[in-house]
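Reading through the structure tokens given below for one structure.
The analysis underlying the following values was restricted to heavy atoms, covering all of them including side chains, and did not include hydrogens, waters or symmetry mates.
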Amino acid sequence: MSLPINLFNTQQTSRHLLEFRAGKMFREGNLVKPDTRKGLIYLNQSPEDSLMHFYWKDRSTNKVEDDLIIFPFEAEFSKVKQSNGRVYILKFQSSSQKLFFWMQEPKADKDEELCKKVNDIINNVHSDDKSDVMDYNQELLNALSESYQQSKEEADNNDNEAGSSDKKKPTTQFSKDQLKEISEILANIQVPETNDANLQDILTPEIVSPLLKDREVCNALFPHLPDNSPLDSQSIEDVLRSPQFIHSINSLTYALRSGALGPLMAELGLDSSISTSDGAVVAFLRAIQKKQDDTMDES
């Protein structure tokens with residue numbers, strides 16, 4: 001199973017929910033130092049996946065370097081109290097990831113207001129009720145369902161083109177067969193039998209790389225690589241190590257633990273009777289395993 005999300009998509013809409021000038025910072029030992037480049041932070045709800053994205057781009061090159069998917073109440077944007085400067089941090093509950101920025105707006109009098117707006121937007125806009133997360137998750141599931149149905153229809157309409165020798169990269173939408181193949185890949189990954197798992201600890205290059213020796217597995221994953229990537233197993237391993245992928249699977253882990261497990265399992269046709277005693281993530285992966293086992297028994 002995989003969400004129909006292009007982790008490396010940096011396409012912008014014509015108007016952002018919020019944008020302001022800010023530079024990135026980088027760690028050097030125990031210190032955090034400024035990246036001197038002129039930058040821009042902006043936030044948008046992507047029309048492609050209906051998720052909230054937090055972007056940072058270099059204003060000189062207009063190149064987006066960070067594209068992070070953020071679920072409601074997963075992250076917080078705040079001022080770094082230990083600094084006397086205009087330094088802010090974006091930190092996540094779903095992982096230990098921390099991103100530092102320094103404000104580049106000419107005047108500091110709007111910093112606090114911008115900080116509040118960032119948190120309002122990423123936490124589902126003007127709501128202090130965490131029950132709204134369930135509404136957001138349902139909207140996400142609706143979007144996934146629509147995307148799946150659309151990709152299924154396109155796959156059916158394009159059956160006659162399946163034998164084409166055109167080497168153009170396929171669309172990033174998932175066909176029914178692709179979803180099945182990716183489910184089979186996840187089903188072959190061993191799930192820890194102890195407390196709830198974190199997908200970041202399961203979908204690692206070390207664990208997945210033996211599966212990449214199977215050409216069919218690679219072929220199922222190639223369509224979802226970033227544009228212009230070589231179609232080889234090394235490219236897949238590079239994605240598994242990328243900050244974008246790690247952030248995305250941490251976001252999914254967080255969403256499963258925050259109430260999305262039941263709706264997501266129902267949407268994907270998984271057995272909702274699987275026990276959650278070992279945690280939501282383990283239950284989710286066991287449900288995938290069970291569906292694959294059932295499919296094998298029927299064949």
(request) Answer whether the closest heavy-atom distance between the side chains of Leu114 and Phe77 falls below 4.5 Å. (result) no

(message) How close do Asn219 and Pro223 get, counting heavy atoms only, and between which atoms?
(response) O-CD, 3.2 Å

(request) Determine, for Glu112 against Lys116, whether the closest basic-nitrogen to carboxylate-oxygen distance falls under 4.0 angstrom. (result) no

(request) Would you give the length of the straight line joining atom CE of Met25 to atom NZ of Lys33, rounded to the nearest 0.5 angstrom? (result) 10.5 Å

(request) With the side chain counted from C-beta on, respond yes when Ile70 and Leu43 share a heavy-atom pair under 4.5 Å apart, and no when they do not. (result) no

(message) Is the shortest side-chain heavy-atom distance between Leu221 and Leu212 below 4.5 Å?
(response) yes

(request) Any chance you could lay out the side chain to side chain contact (heavy atoms under 4.5 Å, CB included) test for Phe54 and Asp66, step after step, and finish with the verdict? (result) CA-CA 8 Å; Phe54 180 103; Asp66 293 307; 5.8 Å; no

(request) Give the minimum heavy-atom separation between Pro34 and Phe26, together with the two atoms involved. (result) O-CE2, 3.4 Å

(message) Can you give me the closest heavy-atom contact between Arg59 and Gly39, atom names plus distance?
(response) NE-O, 2.8 Å

(message) Under a 4.0 Å threshold between the charged nitrogen and the carboxylate oxygen, would Asp35 count as salt-bridged to Arg37?
(response) yes

(request) Sequence neighbours left out, what passes side chain to side chain donor-acceptor pair (under 3.5 Å) with Ser273? Give chain and number order. (result) Asp271

(message) Just so I know, are the side chains of Thr204 and Leu240 near enough to count as touching, which here means a heavy-atom distance under 4.5 Å?
(response) no

(request) Flag the pair Leu99 / Leu68 as yes when at least one side-chain heavy-atom distance between them is below 4.5 Å, and no otherwise. (result) yes

(request) Determine whether Leu285 and Val281 make a side-chain contact, defined as any pair of heavy atoms from C-beta on separated by less than 4.5 Å. (result) yes

(request) Test Cys115 against Lys79 for side chain to side chain contact (heavy atoms under 4.5 Å, CB included), laying out the working first. (result) CA-CA 8 Å; Cys115 179; Lys79 191 177 189 307; 5.9 Å; no

(message) Tell me the closest heavy-atom pair linking Asn62 and Lys57, and the distance in Å.
(response) OD1-NZ, 2.7 Å

(request) Taking atom types as modelled, find out whether Ser235 and Asp232 have a side-chain donor-acceptor pair closer than 3.5 angstrom. (result) yes

(request) If you link ILVMFWY side chains whenever their heavy atoms are less than 4.5 Å apart, which other residues fall into the same cluster as Leu31? By chain and number, please. (result) none

(request) Provide the closest heavy-atom pair for Phe222 versus Arg215 in the form atom of the first, atom of the second, distance. (result) CE1-NH2, 3.8 Å

(message) Any heavy-atom pair between the side chains of Arg86 and Glu105 that's under 4.5 Å?
(response) yes

(request) Would you check if the distance from the ring center of Tyr88 to the ring center of Phe101 is below 6.0 Å? (result) no

(message) With a 4.5 Å cut-off on side-chain heavy-atom distances among I, L, V, M, F, W and Y, is there a chain of contacts connecting Leu90 to Trp102?
(response) no

(message) Quick check: do Arg21 and Pro106 have side-chain heavy atoms less than 4.5 Å from each other?
(response) yes

(request) For the residue pair Asp67 and His53, confirm or rule out a side-chain donor-acceptor distance under 3.5 Å. (result) yes

